[in-house]
Amino acid sequence: MSVKIVYADGTVGEVADANAALEIYRHSTSHLMAAAVTSLFPDTHLGIGPAISDGFYYDFARPQGFVAEDLQKIEKRMRELASMDLKYEPSIIAKEEAIEYFTGQGEHLKVELIQEKAGERLSCYRLGDFVDFCTGPHLVSTSQIDPESFRVLNMAGSYWKGDEHNQQLQRIYGTAFLTSEELKAYLTQLEEAKKRDHRKLGRDLDLFSISEEAGPGLAFWHPKGTRVRLLVEEFLRKELYRRGYEFVTTPHVARDALWKTSGHYDYYRQNMYVFNIDEDEFVLKPMNCPGHIQIYKSQMRSYRDLPLRFAEFGTVYRYEKSGVLHGLLRVRGFTQDDAHIFSTREQVGDEISALIDLVLFVMKSFGFDQYKVELSVRDESKKEDYAGTEEDWHMAEEALTASLRARGIEWTRMEGEAVFYGPKIDVKLIDAIGRPWQLSTVQFDFTLPKRFNLGYTGSDGQVHQPVMLHRALLGSVERFLGVLIEHYAGAFPVWLAPVQVVVIPIAERHHEYARKVASRLTEADLRVEIDDRNEKMGYKIRSAQTQKIPYMLVVGDKEVESGTVSVRNRFQGDEGSRPLEEFLRIIEETVKTRSVRP
RNA sequence: GCUGGCGUAGCUCAGCCGGUAGAGCAGCUGAUUUGUAAUCAGCGGGUCGGGGGUUCAAAUCCUCUCGCCAGCUCCA
C-alpha cells in the first residue's frame with residue numbers, strides 16, 4: 001500500500017516502499033507525540049525525535065522529568081490530536097529566521113542543531129501549535145495515523161547527542177505500525193521475547209543464579225547449567241585440538257608490572273580489580289593476552305614453530321558500571337573462549353581463512369545459521385589515535401577482506417569502529433526470533449608484540465616480530481549460554497540438554513524396570529533421570545515438559561512385558577512404543593548429528 | 001555511573017489514605033498406584049531488601065543505602 005506524504009518544499013507525493021513508508025509514518029507519529037507532550041506540559045523543551053528500528057522516540061528536556069502515569073496521558077492526547085486531522089505543514093525559512101524563532105521559544109537544543117547545520121535555508125514542519133526543525137518528509141495529516149496502531153511504550157534517560165558529559169534528557173519511546181494488526185503482532189513478539197528471557201529460564205530450569213550477597217554480575221552455575229557449559233567447552237576443546245590449537249592455563253592474578261607492560265594498567269584501569277598484598281600490587285586479570293604472551297616468551301621461537309595457537313577458557317574479571325549488568329549477557333566475571341595466534345606475516349591470511357571457517361562451523365553446530373559480519377576499520381581522519389603503521393593496517397585489512405571475499409561472505413564496513421590496536425571482524429548471530437548478538441571476534445593486534453618485544457628467528461637468521469591475532473568464537477561462555485538459552489527458549493538440542501531422558505514409571509511396580517531402562521541409557525553415556533515420585537503419570541509428564549526434557553519414556557505393564565518404552569517427545573508428544581534398543585539407536589544418532597530437534 | 005520504575009514466602013503476586021501479613025504454585029507428611037501437560041487432604045515457611053527517622057503504633061510515611069528492571073553511556 002502506498003502512503004501519501006508531503007516534502008519540505010510542500011510538494012505532495014506517495015511512497016510505495018513499505019520500509020520507507022513505515023519510517024515516515026513513525027517519524028510523523030513521533031512529531032505527534034512531541035505535539036502531545038508540549039501541549040500537556042508546556043514547560044518541556046525539545047531534543048530530537050527520530051524513527052528507529054522498531055518504533056520511534058523523542059527526547060525532551062524537562063527539569064522535573066515525567067512519571068509513569070504521564071505516558072498514558074500522552075497517549076490519550078495523541079489520539080485526540082490524531083483525530084483532529086491536523087496537517088503536517090512544511091515551510092522553508094532562512095536560517096537566521098529559524099534561530100530567532102526557536103530562541104524565542106526557548107528551544108536552545110534546537111537552536112544548537114540549527115547553528116550546526118550548513119546552508120542558508122532550512123525546513124520546519126508545523127503540526128497544530130507544535131513546530132519542529134525537521135527535514136521531513138512527513139505524512140500529510142494526522143488522520144492518516146490509525147489511533148489503534150501506535151503505543152507509547154516507556155521512558156528512560158538519554159544523553160544529549162549521546163554523550164554522557166552532556167545534559168541528560170527524558171526519552172520517551174513509542175512504536176507505530178501501518179496497521180493495528182502489525183502493532184498487535186509486535187506486542188505479541190515482545191511477550192515472546194519475555195518468555196525466552198534467559199534470566200527467567202535460568203531460574204526455572206535450575207541452570208544458574210546470581211546472588212545479591214555474593215555481588216552483582218557474578219554468576220553461580222548450578223549442576224544442570226554446568227553440564228551445558230561443560231558440553232559446550234568439550235565440543236570446542238575437541239574441535240580446537242583437531243585444528244592445531246594448544247590449550248594453555250594461566251593464573252587469575254598477576255603483578256601490576258605485567259599490566260604496565262601490556263598497557264592495560266594505563267588504558268584499562270577503570271575496569272580492573274586491583275589490590276595490594278604486602279609490598280606488591282596485583283591485578284585480577286581482565287584479559288588473557290598478557291598471560292599467553294608469557295608462554296610465547298618463555299623460550300626462543302623460530303619460524304618453524306609458527307603459527308602458534310594458544311587457547312584457553314580464561315576466566316576474566318572486569319569492573320563494569322552497575323547499570324550495564326544484565327543477566328549472563330553482561331557480567332563482571334566471565335570466561336572467554338580465548339585464543340591468541342602468533343604467526344608470520346605470510347601465514348596470517350591462511351590463519352584468518354581458517355578462523356572464518358571455524359567460526360561458521362561452530363555457529364552452525366550450535367544451531368545458528370543466520371549471521372551478519374562487520375569489518376571494523378580505523379577512522380581515516382584520526383590516524384594518530386591508532387597504533388601500528390600504515391603498512392600494518394593495510395596488510396591486516398587486506399588479509400581480512402580477502403578471506404571474507406574468498407568465502408563469498410557479505411560484510412559491512414564499519415568506519416572508525418576498530419580498536420586502537422588493530423582492525424577486526426565481528427560476527428553477529430541472528431537468533432530464533434531475529435535478534436542480533438555480538439559474539440565472535442577476530443582482531444589484529446599491532447601493539448602487544450611491540451610492547452612485549454616478541455620475536456622469532458626467521459629462515460634468514462634474523463629476528464622478526466610475529467603478527468598477533470586475538471580471537472574468540474563464543475565471546476564469553478556466559479554470554480553465549482545466555483544467547484543459547486534465549487535462542488532455544490530453554491529447549492536445548494538433545495546433545496546439549498542437561499537431562500536428555502526422563503523415565504516415567506506409571507506405578508510403583510514399574511520402578512524396577514524403570515531403573516533397568518535408565519541404567520542401560522546411562523551406560524550409553526546418556527543423561528537420564530527417573531521420576532519415581534508418588535504422582536500420576538500426567539503430573540510427571542507436565543513436570544518434564546516444563547523442564548523441556550527432550551524425551552520422556554513412559555513405562556507401565558505393557559512395556560515391562562514387552563521390553564519396550566513408550567516414547568514421548570517434548571515437541572511432538574506421544575510417539576508410541578518401541579524396543580528400548582531401537583530408542584537408544586535413535587537418540588544416539590540425534591546426539592551424534594547434533595540435531596536441533598529430536 | 002546517569003534518568004525513571006520496582007524490591008512482601010523458593011516462584012508469581014495481593015495487602016500500602018499507618019493498627020505488627022495473605023493466596024496460588026513449589027516444598028514436606030499422609031492417603032491414593034495412577035497410561036501421555038496438574039489426584040486429594042493436612043502441615044511447615046516471611047526480622048515485608050538493609051540502616052536510620054516520624055509516630056502510642058510502620059510492609060504501608062520520610063531519609064540514606066543495597067539490589068533488580070527499562071533505557072542512555074560503555075562492552076565479551
Side-chain angles (χ1 to χ4, degrees), chain A residues 57 59-60 62 64-71 153-173 194 197 199-200 203-204 206 209-217 270-271 286-288 314 316 318-338 419 426 437-441 443 470-480 482-483 504-511 533-547 552-559 566-570 572-577:
Chain A
Y57 67 78
D59 284 343
F60 301 101
R62 186 175 189 235
Q64 65 275 43
F66 298 99
V67 294
E69 294 82 71
D70 293 340
L71 299 185
L153 292 175
N154 49 24
M155 58 175 178
S158 67
Y159 298 103
W160 172 237
K161 293 180 177 169
D163 185 334
E164 63 177 321
H165 303 294
N166 287 344
Q167 123 180 54
Q168 190 156 28
L169 306 173
Q170 303 292 322
R171 176 169 298 177
I172 300 181
Y173 284 91
K194 216 168 173 181
D197 192 317
R199 295 166 295 188
K200 176 175 162 49
R203 189 175 51 232
D204 293 349
D206 197 16
S209 58
I210 292 173
S211 141
E212 181 172 343
E213 188 178 13
Q270 71 280 9
N271 286 297
M287 298 200 182
N288 301 302
V316 297
R318 298 180 184 174
Y319 175 78
E320 301 284 358
K321 290 179 180 178
S322 60
V324 307
L325 301 175
H326 182 91
L328 293 176
L329 302 178
R330 193 73 183 274
V331 288
R332 286 179 173 156
F334 57 97
T335 304
Q336 292 182 307
D337 69 315
D338 210 354
V419 221
D426 289 326
W437 301 94
Q438 216 260 269
L439 301 169
S440 310
T441 179
Q443 312 185 346
H470 302 257
R471 63 92 289 203
L473 306 172
L474 312 179
S476 92
V477 178
E478 283 73 10
R479 179 177 286 183
F480 184 72
V483 172
I504 299 177
I506 286 178
E508 219 165 313
R509 63 180 179 279
H510 311 122
H511 283 191
R533 289 179 295 180
N534 180 7
E535 292 291 351
K536 292 175 79 166
M537 183 200 60
Y539 179 90
K540 298 180 187 181
I541 286 176
R542 180 180 159 78
S543 161
Q545 286 286 154
T546 55
Q547 286 298 302
M552 289 147 262
L553 300 184
V554 177
V555 295
D557 291 336
K558 279 185 288 182
E559 289 74 18
S566 176
V567 180
R568 183 188 166 95
N569 165 325
R570 65 183 164 190
Q572 273 98 48
D574 193 355
E575 291 184 343
S577 295

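Within every chain, numbering begins at 1; the chains are lettered A, B, ... in the order of the sequence lines, protein sequences first and strands thereafter.
Put simply, A/R62 has no side-chain N or O that comes within less than 4.0 Å of OP1 or OP2 on B/U3. Between A/T441 and B/A76 there is no side-chain polar atom (N or O) within less than 4.0 angstrom of OP1 or OP2. When the side-chain nitrogen and oxygen atoms of A/Y319 are compared with OP1 and OP2 of B/G1, one or more of them lie within a distance under 4.0 Å. The phosphate of B/C69 has OP1 or OP2 within less than 4.0 Å of a side-chain N or O from A/R199. Phosphate contact (OP1/OP2 of B/C72, side-chain N/O of A/Y57, threshold under 4.0 Å): absent. Under 4.0 angstrom from either OP1 or OP2 of B/C74 there lies no side-chain N or O belonging to A/R318. Between A/H326 and B/C68, a side-chain N or O to OP1/OP2 separation shorter than 4.0 Å is absent.
Taking atom C1' in both B/U65 and B/G7, one finds a spacing of 13 Å when rounded to whole Å. Taking atom C1' in both B/G27 and B/A38, the straight-line distance is 16 Å, to the nearest Å. Separating the P atom of B/G10 from that of B/C28 is a span of 15 Å, rounded to the nearest Å. Here the separation of B/U20 from B/G5, taken at their C1' atoms, is 28 Å to the nearest Å. Of the P atoms belonging to B/A21 and B/U34, the separation is 46 Å, rounded to the nearest Å. B/A37 and B/A31 have their C1' atoms separated by 24 Å, with the value rounded to a whole Å. Using atom P as the reference point in both B/G24 and B/G35, the two lie 27 Å apart (nearest Å). Rounded to whole Å, the C1' atom of B/G49 lies 16 Å from the corresponding atom of B/A58.
The CG-C1' distance, from A/N154 to B/A70, rounds to 6 Å in whole Å. Taking atom CZ on A/R203 and atom P on B/U12, their separation rounds to 4 Å, with Å as the unit. In this structure, CD of A/E212 is placed 16 Å from C1' of B/G10, rounded to the nearest angstrom. For the pair A/F480 CZ and B/A76 P, the interatomic distance rounds to 17 Å; values are reported in whole Å. One can place CE of A/M155 at 9 Å from C1' of B/U3, the figure rounded to the nearest angstrom. Following rounding to the nearest Å, A/K536 (NZ) and B/G35 (C1') show an atom-to-atom distance of 10 Å. In this entry the distance linking CD of A/E320 with P of B/C74 reads 13 Å, nearest Å. With rounding to whole Å, A/K161 atom NZ is found 16 Å from B/C74 atom P.
Panel note: side chain A/K540, backbone A/V554; no donor-acceptor pair is recorded below 3.5 Å. Not a single donor-acceptor pair under 3.5 Å links the side chain of A/K161 to the backbone N or O of A/N166. The backbone N or O of A/N569 sits nowhere less than 3.5 Å from a side-chain atom of A/Q572 that would complete a donor-acceptor pair.
When both pairing distances are held under 3.5 Å, B/C40 makes a Watson-Crick or G-U pair with B/G30. Base pairing of B/A59: no nucleotide in any strand meets the Watson-Crick or G-U wobble criterion (both distances under 3.5 Å). Pairing for B/U3 is with B/A70, a Watson-Crick or G-U wobble pair whose two hydrogen-bonding atom distances lie under 3.5 Å. In a base pair of the Watson-Crick type (N1 to N3 plus N6-O4 or O6-N4) or a G-U wobble (N1-O2 and O6-N3), with each distance short of 3.5 Å, B/G24 is matched with B/C11.
The side-chain heavy atoms of A/E320 and A/R330, taken from C-beta on, include a pair separated by under 4.5 Å.
For A/P216, the side-chain atoms get nearest to B/G67 when compared with the rest of B/G67, B/U73, B/C75. Residue A/T546 has its side chain nearest to B/A37 when only B/A37, B/A76, B/G35 are considered. Nearest to the side-chain atoms of A/Y173 among the listed nucleotides B/U73, B/U34, B/G71 stands B/G71. Of the candidates B/A76, B/A37, B/U34, B/A37 carries the atom nearest the A/Q545 side chain, counting heavy atoms from C-beta on.
Among the atoms of the strands shown, only primed sugar atoms or phosphate atoms (P, OP1, OP2) are found under 4.0 Å from some heavy atom of A/L439. Within 4.0 Å of A/G475, counting heavy atoms only, lie sugar-phosphate atoms of the nucleic acid but no base atom. Residue A/E213 is classed as having no contact, given no heavy-atom separation below 4.0 Å to the nucleic acid. Counting any heavy atom pair closer than 4.0 Å across all strands shown, A/V316 reaches no nucleic acid atom. Using a 4.0 Å heavy-atom cutoff across all strands shown, A/D557 reaches at least one base atom of the nucleic acid. Using a 4.0 Å heavy-atom criterion, one finds that A/K540 contacts no nucleic acid atom at all. Counting non-hydrogen atoms under 4.0 angstrom, A/S476 reaches a base of the nucleic acid.
There is a side-chain donor-acceptor pair under 3.5 Å between A/H510 and A/D557. In the model, A/D59 has no side-chain atom that pairs as donor or acceptor with a side-chain atom of A/Q170 under 3.5 Å. If you check the side chains of A/S211 and A/E213, you find no donor sitting under 3.5 Å from an acceptor. There is no side-chain donor-acceptor pair under 3.5 Å between A/R471 and A/S440.
Not a single donor-acceptor contact under 3.5 angstrom links the side-chain atoms of A/R332 to the base of B/A76. Side-chain atoms of A/R171 and base atoms of B/C72 include no donor and acceptor less than 3.5 Å apart. If you check distances only, the side chain of A/Y159 does reach the base of B/G1 with a donor-acceptor pair under 3.5 Å. Looking at A/Q170, its side chain has no donor and acceptor atom pair within 3.5 Å of the base of B/G71.
A salt bridge between A/R568 and A/E575 is absent, with no side-chain N of the basic residue lying under 4.0 Å from a carboxylate O of the acidic one. The existence of a salt bridge linking A/K321 and A/E164 is confirmed by a sub-4.0 Å separation between a basic side-chain nitrogen and an acidic carboxylate oxygen.
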Next item on the list: Before giving the answer on side chain to side chain contact (heavy atoms under 4.5 Å, CB included), spell out for A/R479 and A/L474 the whole-Å C-alpha distance, their side-chain angles and the decisive distance to 0.1 Å.
Entry: CA-CA 8 Å; A/R479 179 177 286 183; A/L474 312 179; over 6 Å; no
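Judged by the 6.0 Å and 45° rule, A/R62 forms a cation-pi pair with A/F66.
In terms of position along RNA chain B, the nucleotide closest to A/I541 lies nearer the 5' end than the nucleotide closest to the other residue of the pair A/L325 and A/I541. Residue whose closest nucleotide on RNA chain B sits further toward the 5' end, between A/I210 and A/G538: A/G538.
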Next item on the list: Sugar-phosphate atoms are those with a prime plus P, OP1 and OP2; base atoms are the rest. Using that split, label each nucleotide of nucleotides 25-31 of chain B B, S or - for protein heavy atoms under 4.0 Å, 5' to 3'.
Entry: -SS---B
